[in-house]
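Report on the following structure.
One-based numbering along the sequence shown.
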Amino acid sequence: GTSSSLSPAARSASVVGGSTDLIGHTLRGSSRVRGAIAIICVLSILLVGPSLPLALLHALWSGRLHLAAALAAVILASALLPVRESALAARLYLQAAGFL
């Protein structure tokens with residue numbers, strides 16, 4: 001039976017094979033490959049961001065002043081300019097990973 005403490009939405013969820021259609025990792029329109037690509041992209045960005053100061057030092061040491069100036073501008077802009085989180089980017093990532 002259904003417990004009376006459940007919300008109406010939870011009581012009306014269709015149960016298929018022991019799981020509901022409200023919670024799941026395999027939703028229509030998503031695939032494991034697409035989800036893996038989304039996760040790899042995010043993890044790559046998390047790796048590249050903190051390594052920019054090291055790339056800046058390497059560019060200065062190698063004498064590539066134009067590259068060093070461009071990297072310094074990117075680092076300063078990311079630290080000084082207010083940037084809001086993108087709801088669209090989060091939604092696309094979660095959809096690709098199969099969570100939405």
Study note, to complete from the structure: All heavy atoms of Leu60 vs all of Ala68, minimum pair found to be CD2-CB, 3.6 Å
**Study point:** Close side-chain approach of Leu76 to Leu81, heavy-atom, < 4.5 Å
**Key:** no
Point to revise | Reported NE2-to-CG distance for the pair His66 and Leu71, which is rounded to 0.5 angstrom | key: 13.0 Å
Point to revise | Leu52 reachable from Leu67 in the ILVMFWY side-chain graph, under 4.5 Å edges | key: yes
Review point. Donor-acceptor pair, Ser62 side chain versus Ala59 backbone, under 3.5 Å?
Key: no
Revision key, fill the gap. With Val42 as partner, the option from Ile39, Ile40, Leu46 fulfilling side-chain contact (heavy atoms from CB on, under 4.5 Å) is Leu46
